[in-house]
Amino acid sequence: MTRRAVIPVPLGGTLLFRTRLRRHLVPAAVALATAAGTASPAVPHERHGPSGGGLSAVIRYTEYGIPHIVARGYADLGFGTGWAQAADQVCVLADGFVTVRGERSRHFGPDGAADRALSSATDNLSSDLYFRGVRDARTVERLLAVPAPAGPSREAEELMRGWAAGYNAWLARNRITDPACAGAEWVRPVTALDVARRGFALAVLGGQGRAVDGITTARPPGGDPAASPARPAPRAAATPAPALRGPAGPGTADPAGPETADPVRTARAAHDLFAADSADMGSNAVAFGGGTTANGRGLLLGNPHYPWHGGRRFWQSQQTIPGELNVSGGSLLGGTVVNIGFTDKVAWSHTVATGVPLNLHQLTLDPADPTAYLVDGRPERMTRRTVTVPVKGGAPVTRTQWWTRYGPVVTSLGTSLPLPWSATTAYALHDPNAANLRATDTALGFAKARSARDVLAVLRRTQGLPWVNTVAADAGGHTLFTQSQVLPRVTDDVARRCSTPLGRATYPASGVAVLDGSRTECALGADPGAVQPGILGPSRMPVLQDAPYAVNSNDSAWLANAERPLTGYERVFGTVATPRTLRTRGGLEDVAAMAARGRLTVADLRRQQFANRVPAGDLAAAGAAEACPAVLPDDPAACDALRRWDRTMDTGSRGALLFDRFWRKLTATVPATALWRVPFSAADPVRTPHTLDTSSPAFAKALRDAVAELRAAGTPLDAPLGAHQFVVRGGKRLPVPGGTEALGVWNKIEPVWDAAAGSYTEVVHGTSHVQAVGWDGGRCPVARTLLAYSQSSDPASAHSGDQTELFSGERWVRARHCERDIMADPTLRVVRVRG
């Protein structure tokens, strides 16, 4: 490619290049894209505008459709980001905005499946009742009005404003080709407030978002006056009536039922609900210190596990404001910033944390009125929030939600954890992240950080992460792990003094505190340094700095480094000295061995990502193969397949599918504590428990059933995994490496099983935006990335499956962070977008 001089060019009456630093950072492509008649045919460029209120940005697209967005300010950066996200994901984004507006029932019907990316609601009506309630209460508007640092900064608000303008400009200038929403009336322009509402929905995913059904169906004994015959909710004859969950349905009070939740059953359900191995999101991340690497600089491997479809997908970009920030990485859709990424000095990733971002307050009700509760003996009336939802094909539905000083009354946390509202007792949910719109400022702080120590300082200053840990490494060879998340101020002392009988069972088992709401002395109070009342302050957060390695795979902070265990934190953060998941154990074994070996490079990170080692196989396959002849005396081929399996989930592994199906069946019926002959020992937490108990009837049944299942479908027991674990993109069948949570595979993949075909088909969630980052002393980071499900959801896009094909072949994308690398891309395309 011909080299071009960098020249200052007017942009809306100002100079884009104001300083020498900006001349270094902003490429000639920007100047060429903004000056008519100067573009070379070697660098395709486009102009789009006007439609965004005077905002503008330059987007340089490199291979695999990755945009590098350059802007002169935060609103312009948001504009370019909103435009570029719409170009790749307009249907998914539009669907999410329907959700946060509370309009799913209006467009898709009340019984339709809710948008599970943004809440736990089971149907559209429940989702709308919640999000309409947020709108009616002006919850997000109030948060936007809070001054920083408790509220969002001016820069964060400018990004939201720009993002909305960029999204709208793309809609105005382009025809939608994705059949998921082409021509749909629900694809509409958005506002900055819509963007903020989406951020709010993500913030409360672990709190109010986890309890949407329990909030929207909560009714006092005797029913909900707002749903009386005076305000009916009829349906057109062609539309089936939705399950409105009346007095006998889940999440409602049963006058003949128990007065309070059962402590033993509720504690068990709470433990299962918040268990690390049952979460619908996860991740791995590891940072290596300079003492373990080939050049004394840090290394970071981030491997988040997120849904492959819908609104919680990652999207790749580089964001640059010359002289201000320059960051590459992955953003959650609808987000204005890079959430997981790297700069020329530091890299970070997140893993879903074990901290419980909610607590319950048990209310003692006024004997004369079940919608009033006692505080220090005085009755306090609940606040009625009456919400009306428009419904496709029928009259609007009106329901009432009930709110207290602690938060909404809730009658369940998922279907397995009822919290009955009786004549004497109700439960209110406290979610501190319902007052947190600071995540954008946390990400902006990371983008400007120069070291792992800076990352920690940003976390302590902004306190914006609702449900994740942070792992970081820097060019100076430093590492960081911290569980710095927004959690209710539930200390072990508060739990001891204020737990109800139910809380005394749930808090030790799960970290879910149930506090006595009738005593002001049990209010959560304020911690020193906390930016909002009722949350734990930064001094309480588990932190590990400058360890040779720091790793997390969604277990608690205890073993971020097995040689330097973290202890002394409150139970609400997670457990200490308890069994780890197989993925945690396998990851600790791998990274400790890597650190001990030393001389590590980015290539070692890449090998770890696709090692596809199966910790469950290493622990159990030999024992299963040895016991197999007694279980299947007439089927030596099955036993031979187990014995010959290489203990990986590579696409070419033979016997992997058989072990996988056997292991899933076994672990679905046998508790982890009953699987092994040698129990867990806190003194040897990485290697215990071990030795599979092959004498149990469940073992024999699981093995027989797995063999029978594959034979019935005509699937060879030693078939290569990739022949039966795959996805289809652009009509092409792509084998998929990796394995399920139960197997403990670092490269986690959760596909859908088709019993009739004897194969896995579509991947539901797992490995998503992966980054392997290091430094070599130059100006550019040494980085490789991979977006497993590719950049676009539009099947007509050239980038709907290109990186998925790379993932199938265990290949990577060379990150083009520096200008020389961007300009050297032979596929470079420059787009000038403006308002």
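The model shown is predicted, which means the values in this text are computed figures rather than measured ones.
- Ring-plane geometry between Y167 and W163 is classed as parallel, the angle between the planes falling under 30 degrees on a 0 to 90 degree scale with a further cut at 60.
- Judged as a salt bridge (charged side-chain N to carboxylate O under 4.0 Å, His left out), not a single pair has a partner in residues 793-802 (not counting sequence neighbours).
- Under the salt bridge (Lys or Arg N to Asp or Glu O under 4.0 Å) criterion, D431 pairs with no residue at all, not counting sequence neighbours.
- Going from atom CG of N339 over to atom CZ of F446 covers 10.0 Å, rounded to the nearest 0.5 Å.
- A side-chain N or O of S126 and one of T216 form a donor-acceptor pair less than 3.5 Å apart.
- Counting heavy atoms from C-beta on, the side chains of V468 and Q485 never come closer than 4.5 Å.
- In summary, the aromatic rings of F108 and W186 are positioned with their centroids under 6.0 Å apart.
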Apply the test side-chain contact (heavy atoms from CB on, under 4.5 Å) to residues T217 and T411: give CA-CA distance (whole Å), side-chain angles for both, the deciding distance (0.1 Å), then the verdict.
CA-CA 7 Å; T217 63; T411 49; 3.9 Å; yes
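- Looking only at side-chain heavy atoms (C-beta outward), E103 and R132 come within less than 4.5 Å of each other.
- Side chains of V831 and V58 form no contact here, defined as non-hydrogen atoms less than 4.5 Å apart.
- Atom CH2 of residue W403 and atom OG1 of residue T383 lie 10.0 Å apart, to the nearest 0.5 angstrom.
- Rounding to the nearest 0.5 Å places CG of N168 at 14.0 Å from CZ of R173.
- Taking the side chain as every heavy atom from C-beta outward, D115 and S127 never approach each other to under 4.5 Å.
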Could you check I176 against L171 for side-chain contact (heavy atoms from CB on, under 4.5 Å), going step by step and ending with a plain yes or no?
CA-CA 8 Å; I176 296 173; L171 283 182; 4.2 Å; yes
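- With salt bridges taken as basic N to acidic carboxylate O contacts below 4.0 Å, none links R385 and D136.
- Between F807 and W308, the ring-plane angle classifies as perpendicular under the 30° and 60° cut-offs.
- When all heavy atoms are compared, the tightest approach of G214 to S412 is CA-OG, 3.4 Å.
- With N436 contributing its side chain and G464 its backbone, the two residues share a donor-acceptor pair below 3.5 Å.
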E805 and R729: side-chain contact (heavy atoms from CB on, under 4.5 Å), yes or no, with the steps?
CA-CA 8 Å; E805 190 163 355; R729 295 290 184 270; over 6 Å; no
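- Relative to the ring axis of F131, R197 does not place its NZ or CZ within 45° and under 6.0 Å from the centre.
- Annotation: salt bridge (Lys or Arg N to Asp or Glu O under 4.0 Å) contacts of D128 (sequence neighbours excluded): none.
- A distance of 7.0 Å separates CG in L734 from OG1 in T804, rounded to the nearest 0.5 Å.
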Could you walk me through whether E155 and K448 pass the salt bridge (Lys or Arg N to Asp or Glu O under 4.0 Å) check?
CA-CA 13 Å; E155 291 83 0; K448 301 174 187 179; 5.5 Å; no
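- Scanning for salt bridge (Lys or Arg N to Asp or Glu O under 4.0 Å) contacts around R104 gives D95, with sequence neighbours left out.
- Relative to the six-membered ring of Y61, R829 meets both conditions, a distance below 6.0 Å and an angle of at most 45° to the axis.
- Checked by atom type and distance alone, the side chain of N124 pairs as donor or acceptor with a backbone atom of G109 at under 3.5 Å.
- Shown are L93, V833, V90; of these, the side chain to side chain contact (heavy atoms under 4.5 Å, CB included) with W170 is made only by V90.
- Taking a cutoff of 4.0 Å between a charged side-chain nitrogen and a carboxylate oxygen, R161 and E158 qualify as a salt bridge.
- With S349 contributing its side chain and G302 its backbone, the two residues share no donor-acceptor pair below 3.5 Å.
- Counted by atom type alone, Q89 and S793 present one or more donor-acceptor pairs between their side chains at under 3.5 Å.
- At least one side-chain heavy atom of L429 sits less than 4.5 Å from a side-chain heavy atom of L413.
- No side-chain donor from either of Y130 and Q401 sits under 3.5 Å from a side-chain acceptor of the other.
- Remark: W348 CH2 to I340 CD1 distance equals 9.5 Å, nearest 0.5 Å.
- Using modelled atom types, one finds a donor on one side chain and an acceptor on the other under 3.5 Å when comparing D213 with T122.
- A donor-acceptor pair shorter than 3.5 Å can be found between the side chains of T785 and Q316.
- Residues P67 and W315 have side chains in contact (heavy-atom distance under 4.5 Å, counting atoms from C-beta outward).
- There is no side-chain donor-acceptor pair under 3.5 Å between S283 and T351.
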Donor-acceptor pairs are to be reported for all side-chain atoms of residues 328-336 against protein atoms at under 3.5 Å, with residues two or more places apart or in another chain.
from, atom 1, to, atom 2, distance (Å)
S328, OG, H817, ND1, 2.7
S331, OG, V337, O, 2.7

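- A 6.0 Å sphere centred on NZ of K732 holds no more than 12 heavy atoms belonging to other residues, nucleotides or ligands.
- Looking only at distances, a side-chain donor or acceptor of T827 sits under 3.5 Å from a matching main-chain atom of E63.
- Judged purely by atom type and a 3.5 angstrom limit, R312 uses its side chain to pair as donor or acceptor with the backbone of A117.
- Under the 3.5 Å distance criterion, with hydrogens and angles disregarded, a donor-acceptor pair is assigned to the side chains of T62 and H68.
- Distance check, rounded to the nearest 0.5 Å: OG1 of T442 to CG of L465 gives 4.5 Å.
- Residues satisfying the salt bridge (Lys or Arg N to Asp or Glu O under 4.0 Å) test with R142, not counting sequence neighbours, are none.
- Within a 6.0 Å radius of CZ in R138, no more than 12 heavy atoms belonging to other residues, nucleotides or ligands are found.
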Determine, step by step, whether L193 and E141 satisfy the side-chain contact (heavy atoms from CB on, under 4.5 Å) criterion, reporting the C-alpha distance in whole Å, the side-chain angles of both residues, the deciding distance to 0.1 Å, and the verdict.
CA-CA 7 Å; L193 185 55; E141 291 93 323; 3.4 Å; yes
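- The shortest side-chain heavy-atom distance between P751 and V764 does not fall under the 4.5 Å cut-off.
- Within the 3.5 Å criterion, the main-chain N or O of D194 finds a donor-acceptor partner in the side chain of T191.
- With 3.5 Å as the limit, one finds a donor-acceptor pair spanning the side chains of T398 and T388.
- Side-chain contact of H799 with Q791: a donor-acceptor pair under 3.5 Å is absent, judged by distance alone.
- Side chain of Q319 to backbone of L77: no donor-acceptor contact under 3.5 angstrom is found.
- Of the possible donor and acceptor atoms, none in the side chain of D111 sits under 3.5 Å from a partner among the backbone N and O of D123.
- Side-chain contact, E762 with H309: a donor N or O sits under 3.5 Å from an acceptor N or O.
- The shortest side-chain heavy-atom distance between W467 and L205 falls under the 4.5 Å cut-off.
- R438 and Q532 share a side-chain donor-acceptor pair at under 3.5 Å.
- A donor-acceptor pair under 3.5 Å is formed between the side chain of S790 and the backbone N or O of Q803.
- For the residue pair S792 and D88, no side-chain donor N or O sits within less than 3.5 Å of a side-chain acceptor on the partner.
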